[in-house]
There are 2 protein chains.
Amino acid sequence: MPRTTAPRRSSIGDVARLAGVSVGTVSNVLNRPDRVAQATRDRVLDAIQRLSFVPNASARQLRAGTITTVGAIVLDIRNPFFTEAARGVEDRLALADHTLMLASSDDDPEREARYLRLFEEHGVSGLLVVPTGDDLGPLLALAGRGVHTVLLDMPSPTDAISSVAVDDVAGGRMAGEHLLDLGHREILMLNGPHAIRQCRDRLAGLHRAVERRGLDPDVVVREVRIPSLDAGGAATAFAALLDEDPAPRAVFCVNDLVAVGVQREIRRRRPELLGRTAIVGYDDIEIAAELATPLTSVRQPAYEVGYRAADLLLSRDADGNPVRDHVVFQPELVVRSSSVLA
Amino acid sequence: MPRTTAPRRSSIGDVARLAGVSVGTVSNVLNRPDRVAQATRDRVLDAIQRLSFVPNASARQLRAGTITTVGAIVLDIRNPFFTEAARGVEDRLALADHTLMLASSDDDPEREARYLRLFEEHGVSGLLVVPTGDDLGPLLALAGRGVHTVLLDMPSPTDAISSVAVDDVAGGRMAGEHLLDLGHREILMLNGPHAIRQCRDRLAGLHRAVERRGLDPDVVVREVRIPSLDAGGAATAFAALLDEDPAPRAVFCVNDLVAVGVQREIRRRRPELLGRTAIVGYDDIEIAAELATPLTSVRQPAYEVGYRAADLLLSRDADGNPVRDHVVFQPELVVRSSSVLA
DNA sequence: GTGAAAGCGCTAACAG
DNA sequence: CTGTTAGCGCTTTCAC
């Protein structure tokens, strides 16, 4: 059959033949050039050039066990937090000539399981995972089989698995302290479902801030939960609150999109409240500083999270064993005009 | 030395031994279960379970040539267009149980070359690339060596390489026609450097729209180029234009971030012009609909670009050869209130 | 300094 | 239906 097969990739053997040496020597040129005489080495390098030889990573991995691939599973690659973290991962891996296999689980345990499997088959040297749900069973099993695993954006409950996360309680506390410092004694939190750990933690942080001031959270804090964490859902939910008397004067939003929805609804329905309602968001998305009313927000060091996680994955201790650690980054409050009223 | 080595991953041989069959049979259970008797199959599957056996993808790839990895190099994974496209790629690959190796070149040809190399070593079954610069030399060389390559977001100048792109000229034309339809006869384009093809094409599209109306682009269109395509840079550049008399009444921005900067500057310096300046952006970023003045924008089908590109990579013709094609998607104008004045 | 040869884990003939 | 075996491309002793 005249099936035009791609010309087989040239192998180390082809190079050896062309250079008139043995395969072992070619391998040495590749891996321990100093063990090879100058003249031979040049001849081999020339042959490599001429054949456009590219070593076969699979063969190398099979024989030498050298692995230069790391897997990462995030909930959704479109989420800017994960994208930023992924970039941190990538940059750290690049320093070690490793490459990243990236996948989105969509918060679906089955998808997650599929990718875990695929990555394990590929023999990745390590795995970065933002787990779906709270069942770490599959991950622990994987770790037990020797795959070095780092939890991303979630504190690990066990020492068997490392983790790199951001302190959401601290973030909530920062937002709370800021609003309290501004004199507010009634704080509305527009929160998401408590099934999401981040939502719980940020609220807990807000409570903590209030308590530290010697105040009663039950009096100061009011939580309103919205099902969908976007601007539209937030605007709808906030519309009702705007009709109350008095309307909220201080709002802590569980993320920036929610804050954008709140701002928009105020502008639309009660523009006179524009400079009179303090708003704090979370995430510090790129556009936060560029809004009509620049948004005060809690910034998470996403890039650093990824970078550090990758670093952990590549690290070995003195005995050559993977290093396990639990890293927690602190967020940072970025104050802009949405919270500091005229 | 008590170096705690990870327990070697169990192999097909271990499974065979435990099940009391030969490796060939195990392989058959894995790849052609129907060729194996029920009883034997069950015994093997049981052994696989007990040993938590996971096949070694490297070995399989080496022996069978079966490759389930695709590489993608974008300029920066943080760019939402690429992220969205990457998600499309991922979803298409998932259907075929393939995985994605993703990398950012930072528009740096050296970084690009490094990743091309890495991916080639890994023997990826195909490559998706948003090329840095215009030198396709390295990519052509790669394609020549049999690596199926698809250009992302750039029309391929050669049939040796496929491409999936979005028609930027059409996008510029849509923006232009929209503004012309609204009666504008003086259109300002806030553009980026002409070194960027997208910037050139979108301007060309605007010109095209004007010409189609029988008007003279030199009269109707005024282009102002800004070096940095973000809200801050745009605001600065636009400040000067706002002082002119008359101030611009119709602005086509080369991307949404630029449009956000323009909106902000108007609101800050000449709020009385707020409802009197038509603004059109490009990209339709998530926040576009949520802004104080929802932004009219040209939407690019990023997800579809990625999905289709991956699809092309996986496609084979009747002879089993990779399919080459040049796909161009059309953008879509999303009209919101920033352009349609009261 | 170089070559010969074994073997990593797996698939695909082929024999029985 | 199942077992045996060659070999994918490479690294790594071990001789010479």
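In the text below, chain A, chain B and the rest are named by the order of the sequence lines, each starting its count at 1.
Of all the heavy atoms in B:Pro131 and B:Leu139, the pair that sits closest is CB-CD1, 4.2 Å. When all heavy atoms of A:Leu312 and A:His148 are compared, the pair lying nearest together is O-CE1, 3.6 Å. In plain terms, the two heavy atoms of B:Leu118 and A:Asp97 that are nearest each other are CD2-O, 4.0 Å.
With salt bridges taken as basic N to acidic carboxylate O contacts below 4.0 Å, one links B:Asp14 and B:Arg17. Under a 4.0 Å N-O distance rule, the pair A:Arg111/B:Asp91 qualifies as a salt bridge. Looking at B:Glu121 and B:Arg117, a side-chain N of the basic residue comes within less than 4.0 Å of a carboxylate O on the acidic one, giving a salt bridge.
B:Arg35 CZ: 12 or fewer foreign heavy atoms inside a 6.0 Å radius. The local environment of CZ in B:Arg43 is crowded, with over 12 non-hydrogen atoms from other residues, nucleotides or ligands closer than 6.0 Å.
With rounding to whole Å, B:Leu62 atom CG is found 17 Å from D:dA6 atom P. Between the C1' atom of D:dG9 and the CD atom of B:Gln61 lies a distance of 11 Å, rounded to the nearest Å. We find that NE2 of B:His122 is positioned 15 Å from C1' of D:dG9, with the value rounded to whole Å. Straight-line distance from the CD1 atom of B:Ile12 to the C1' atom of D:dT4: 14 Å, rounded to whole Å. When rounded to the nearest whole Å, the span between CD of B:Glu120 and P of D:dG9 equals 14 Å.
Checking A:Val327, A:Asp153, A:Leu152 one by one against A:Val305, the side chain to side chain contact (heavy atoms under 4.5 Å, CB included) holds for a single residue, A:Leu152.
Residues B:Ser58 and A:Gln61 bring a donor and an acceptor atom of their side chains to less than 3.5 Å of each other.
Contact annotation for A:Val21: backbone-only contact, meaning every heavy-atom pair under 4.0 Å involves sugar-phosphate atoms and none involves a base.
Side-chain contact between A:Val129 and A:Glu112: present, with at least one pair of heavy atoms (C-beta onward) separated by less than 4.5 Å.
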Below 3.5 Å between N/O atoms, which protein atoms pair up with nucleotides 12-16 of chain D? Just atom names and distances, please.
from	atom 1	to	atom 2	distance (Å)
D:dT12	OP2	A:Arg32	NH1	3.2

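The side chain to side chain contact (heavy atoms under 4.5 Å, CB included) test applied to A:Leu140 returns A:Leu136, A:Thr158, A:Ala160, A:Ile161, not counting sequence neighbours.
Heavy-atom contacts of chain B under 4.0 Å fall on DNA chain C between two terminal nucleotides, which in 5' to 3' order are C:dG9 to C:dA12.
Within the 4.0 Å cut-off from OP1 or OP2 of D:dT11, at least one side-chain nitrogen or oxygen of A:Arg60 is found.
Contacts with DNA chain D (heavy atom under 4.0 Å) in residues 43-53 of chain A: A:Phe53, listed by number.
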Listed pairs under 3.5 Å, donor-acceptor, residues 74-82 of chain B side chains, sequence neighbours left out:
from	atom 1	to	atom 2	distance (Å)
B:Asp76	OD1	A:Arg87	NE	3.3
B:Asp76	OD1	B:Arg78	N	2.9
B:Asp76	OD1	B:Arg78	NE	3.3
B:Asp76	OD2	B:Arg78	NE	3.3
B:Asp76	OD2	B:Arg78	NH2	3.2
B:Arg78	NH1	A:Glu84	OE2	3.3
B:Asn79	OD1	B:Phe81	N	2.8

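Taking the C1' atoms of five terminal pairs at each end of the helix from C:dG1-D:dC16 to C:dG16-D:dC1, the two resulting helix axes are inclined by 40°, rounded to 10°.
For the pair B:Arg35 and A:Ser11, nearest-nucleotide mapping onto DNA chain D gives the more 5' position to B:Arg35.
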